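Model, not experiment: these values are computed from the prediction. Worth knowing before you read on, the calculation uses all heavy atoms, side chains too, and leaves out hydrogens, waters and symmetry mates.
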Amino acid sequence: MNNTNNTIDDRTGETPEYSGSRAVIESLLQEGVEVIFGYPGGSIIPVYDILYDYRDRLHHVLTRHEQGAVHAAQGYARVSSRVGVCMVTSGPGATNTITGLADAMADSTPLVLITGQVGSAQLGTNAFQEVDIIAITRPVTKWNCQVRQASEIAGALSRAFYLARSGRPGPVVIDITKDAQLEMTRFRYEPTRNVRGYVPYPIPDQRQVDKAVALIREARRPMILFGQGVTLGGAEEEFRAFVEKSDIPAASTLLGLSTLPVTHPRYAGLLGMHGNYAPNIKNRECDLLVAVGMRFDDRVTGNPLKFGENARIVHLEIDPAEINKIIRVDVPVLGDVKETLPLLTAGIEQGDHEEWMAGFRACAGVEERETISPAIHPGDAVLHMGEVVRAASEIYDDDAVLVTDVGQQQLFACRYFGYKRPRSVVTSGGLGTMGFGLPAAIGASLGAPHRDVCLFAGDGGLQMTIQELATVAQLGLPVKILLMNNGFLGMVRQWQELFFHKRYSFTAIANPEFEYIARAHRVAYRLLERREDLHDAIREMKEHPGPFLLEVKVMQEENVFPMIPVGAAVSDILLK
């Protein structure tokens with residue numbers, strides 16, 4: 001945030017008089033905003049008109065669809081640790097953002113969306129492009145409000161940024177009527193420090209910390225389960241110190257990936273439905289589970305009645321609503337993990353769980369032998385998704401930002417891509433939004449401009465927001481797209497194969513010639529079909545200075561394993 005208050009006229013000592021539109025832009029500058037993703041329209045034109053004069057201070061990205069603007073803002077926020085900002089018009093412009101807002105809400109992404117609205121006198125008249133966006137977005141936002149007077153704009157935006165970033169982050173919507181954008185007002189920006197009734201950071205209870213420490217000291221077969229809360233709290237160093245002193249194997253949720261490097265000696269892999277064999281099979285053997293910044297999502301727990309059935313459970317969490325919501329825990333430790341983790345680390349003794357960890361490594365060996373990817377089978381000429389991911393990770397030295405769409409390629413990418421530093425994974429977790437990948441990669445590229453960005457997308461998901469290829473091309477962003485083309489909606493087809501007797505009902509997809517689409521947008525393109533060309537093609541993509549679409553023809557009926565069937569215990573994981 002920009003802490004310098006420049007909203008007082010030095011000559012008169014008074015606050016300047018601005019239009020509501022200029023108050024919007026000046027408020028964004030006060031919050032340190034540098035990038036806005038959006039799409040103009042009639043009810044937001046006054047703000048865009050003022051934005052024209054701020055082009056040297058604010059970078060506006062014109063996406064090709066409002067959903068793309070929100071996903072791009074999500075990608076930006078996820079890699080930069082800043083609040084993503086987007087701006088759209090009323091009516092369909094606003095309603096087109098709902099999927100992105102729901103995705104951001106599910107994944108606790110800090111986001112501020114500014115929507116234009118018809119004039120105050122027209123509210124409730126079913127005016128052209130009027131919708132009640134406040135009522136529509138209430139279930140998918142952390143907070144929202146409608147502004148009808150210019151004098152309310154600065155205060156509303158100040159509160160919006162505070163709520164979006166503090167505590168458990170989330171999306172916020174500010175709906176501004178057109179007359180409020182045009183009205184004049186005295187402008188003064190005051191950063192919000194607190195909101196009555198809102199407790200973003202619960203004060204840790206030392207008694208609960210002491211109970212957790214006692215359980216950790218007693219445990220012989222403990223496991224840490226960590227989620228995105230560690231990253232959202234900026235507590236990566238504190239978490240690593242806790243892992244290393246406790247010496248406990250640590251497994252990640254999908255959104256927790258990259259919190260620990262894959263080479264860390266106590267990293268135990270990915271949890272959940274398509275996670276690694278070791279942390280899932282060992283769930284039944286554990287005598288203690290320490291959950292850090294994760295919410296026990298159903299894709300992690302499987303059957304909740306059988307999750308950690310032989311273990312005591314400690315839960316470090318910032319949001320009281322998540323305590324005992326799905327899994328009953330023995331010791332809840334409320335608070336910001338950046339504060340609670342050091343308290344635990346100070347209280348425990350140096351652990352030694354090498355023998356227990358050896359069992360995880362043995363399970364990992366079983367998984368490597370049994371799962372189809374990334375192993376290359378002699379005589380099998382068809383490329384597998386896992387080996388493509390592994391090759392890309394090696395060529396990028398495990399140090400690119402991985403962005404995925406949703407589907408089989410998402411799970412293969414998250415399982416086989418390596419990470420060295422935090423904030424290296426951008427994927428849609430809670431909502432599972434197909435079409436997320438391409439616009440999110442745009443935001444990630446702008447949020448981490450000095451890092452390589454690799455997007456793995458399926459042929460179905462890419463086509464849901466493929467218009468954003470024009471945005472990539474216009475900006476010249478060096479986004480590298482690996483399109484896993486199997487001619488199916490792969491994840492749905494997998495379920496049809498395993499649970500619906502191979503009745504492939506409307507999952508085969510007739511694709512366009514992606515080469516022509518790429519070249520029409522002046523995006524470099526290559527088709528990869530042969531294994532012997534794999535590394536050469538990825539190197540060509542990596543070395544190309546601009547955007548690149550690498551279409552990879554992969555096995556049509558490949559399945560993601562391991563897999564936990566719905567309703568089963570996580571320890572009932574299938575290898576094939």
Side-chain angles (χ1 to χ4, degrees), residues 61 63-65 68 71-72 75 381-396 400-410 412-413 417 426 434-446 451-490 509-556:
V61 175
T63 58
R64 297 311 188 261
H65 191 281
H71 290 328
V382 183
L383 285 162
H384 299 288
M385 292 190 206
E387 65 178 298
V388 176
V389 173
R390 181 67 63 85
S393 188
E394 291 173 355
I395 289 170
Y396 278 91
V401 174
L402 170 69
V403 183
T404 83
D405 209 274
V406 167
Q408 287 184 314
Q409 40 70 36
Q410 174 188 31
F412 278 118
F417 209 86
V426 179
M434 290 179 67
F436 173 87
L438 183 55
I442 293 170
S445 185
L446 290 167
R451 299 192 65 186
D452 293 310
V453 174
C454 280
L455 165 64
F456 284 85
D459 43 334
L462 183 68
Q463 291 182 77
M464 286 195 170
T465 52
I466 200 167
Q467 68 273 9
E468 299 306 337
L469 203 60
T471 309
V472 174
Q474 180 173 350
L475 297 174
L477 296 174
V479 172
K480 307 304 165 68
I481 306 165
L482 293 99
L483 170 59
M484 304 288 102
N485 187 347
N486 59 10
F488 272 104
L489 302 178
I509 182 169
N511 288 316
E513 293 290 343
F514 290 106
E515 176 182 5
Y516 299 140
I517 294 175
R519 298 200 188 284
H521 288 93
R522 297 176 295 280
V523 170
Y525 169 90
R526 179 169 174 173
L527 175 64
L528 172 62
E529 297 182 279
R530 303 187 307 167
R531 178 167 289 116
E532 53 265 36
D533 297 329
L534 174 59
H535 288 79
D536 177 69
I538 294 174
R539 288 193 186 95
E540 179 186 346
M541 176 190 73
K542 182 178 185 296
E543 293 168 5
H544 184 76
F548 197 107
L549 174 61
L550 177 60
E551 180 181 359
V552 187
K553 291 295 181 71
V554 294
M555 177 181 284
Q556 280 201 311

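The nearest pair of heavy atoms linking Phe514 to Leu462 is CE2-CD2, 4.3 Å. In terms of heavy atoms, Arg531 sits closest to Leu383 at CA-CD2, 3.8 Å. Taking all atoms of both residues into account, the shortest heavy-atom contact from Ala413 to Leu402 is O-CD2, 3.7 Å. The two residues Ala391 and Leu534 make their nearest non-hydrogen contact at CB-CD2, 3.7 Å. Of all the heavy atoms in Val388 and Met484, the pair that sits closest is CG1-CE, 3.7 Å. Scanning all heavy atoms of the two residues, the minimum distance from Phe436 to Asp405 falls at N-OD2, 3.4 Å.
A salt bridge does not link Asp536 with Arg530: none of the charged nitrogens is closer than 4.0 Å to a carboxylate oxygen. The residues Glu515 and Arg519 are annotated as salt-bridged, a charged nitrogen and a carboxylate oxygen being separated by less than 4.0 angstrom.
Side chain of Ser393 to backbone of Phe417: no donor-acceptor contact under 3.5 angstrom is found. Remark: side-chain polar atoms of Asn485 are not paired, donor with acceptor, to backbone N or O of Asp459 under 3.5 angstrom. In this structure, Glu468 contributes its side chain and His65 its backbone to a donor-acceptor pair below 3.5 Å. Lys480 contributes a side-chain N or O that, together with a main-chain N or O of Met541, makes up a donor-acceptor pair within less than 3.5 Å.
The OG1 atom of Thr404 sits 8.0 Å away from atom CG of Leu455, with the distance rounded to the nearest 0.5 Å. Atom CZ of Arg526 sits about 11.0 Å away from atom CD of Glu529, to the nearest 0.5 Å. Note that the CG atom of Leu483 and the CD atom of Glu551 stand 5.0 Å from one another [nearest 0.5 Å]. Rounding to the nearest 0.5 Å gives a distance of 6.0 Å between CD of Gln408 and CG of Asn486. From Thr63, atom OG1 reaches atom CD of Gln474 across 10.5 Å, with rounding to the nearest 0.5 Å. Between atom CZ of residue Phe412 and atom CZ of residue Arg390 there is a gap of 12.0 Å, rounded to the nearest 0.5 Å.
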I'd like to know whether Ile481 forms a side chain to side chain contact (heavy atoms under 4.5 Å, CB included) with Leu469, so could you lay out the CA-CA distance, the side-chain angles of the two residues, the decisive distance to 0.1 Å, and finally the verdict. CA-CA 10 Å; Ile481 306 165; Leu469 203 60; 3.7 Å; yes
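Residue pairs that meet the ring pair (Phe, Tyr, Trp, His ring centres under 6.0 Å) test with at least one member in residues 465-487, sequence neighbours left out, do not exist here. Sorted by first and then second residue, the ring pair (Phe, Tyr, Trp, His ring centres under 6.0 Å) pairs involving residues 517-556 (not counting sequence neighbours) are His544-Phe548.
Under the 4.5 Å side-chain criterion, counting only non-hydrogen atoms from C-beta, Leu549 is not in contact with Ile517. Inter-residue side-chain proximity for Gln463 and Asn511 is flagged as met; some heavy-atom pair is nearer than 4.5 Å.
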Atom pairs and distances, donor-acceptor, side-chain atoms in residues 438-445, under 3.5 Å, two or more places apart:
none

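Counting heavy-atom neighbours within 6.0 Å of Glu532 CD, excluding the residue itself, gives a total above 12. Heavy-atom contacts from other residues, nucleotides or ligands closer than 6.0 Å to CZ of Arg522 number 12 or fewer.
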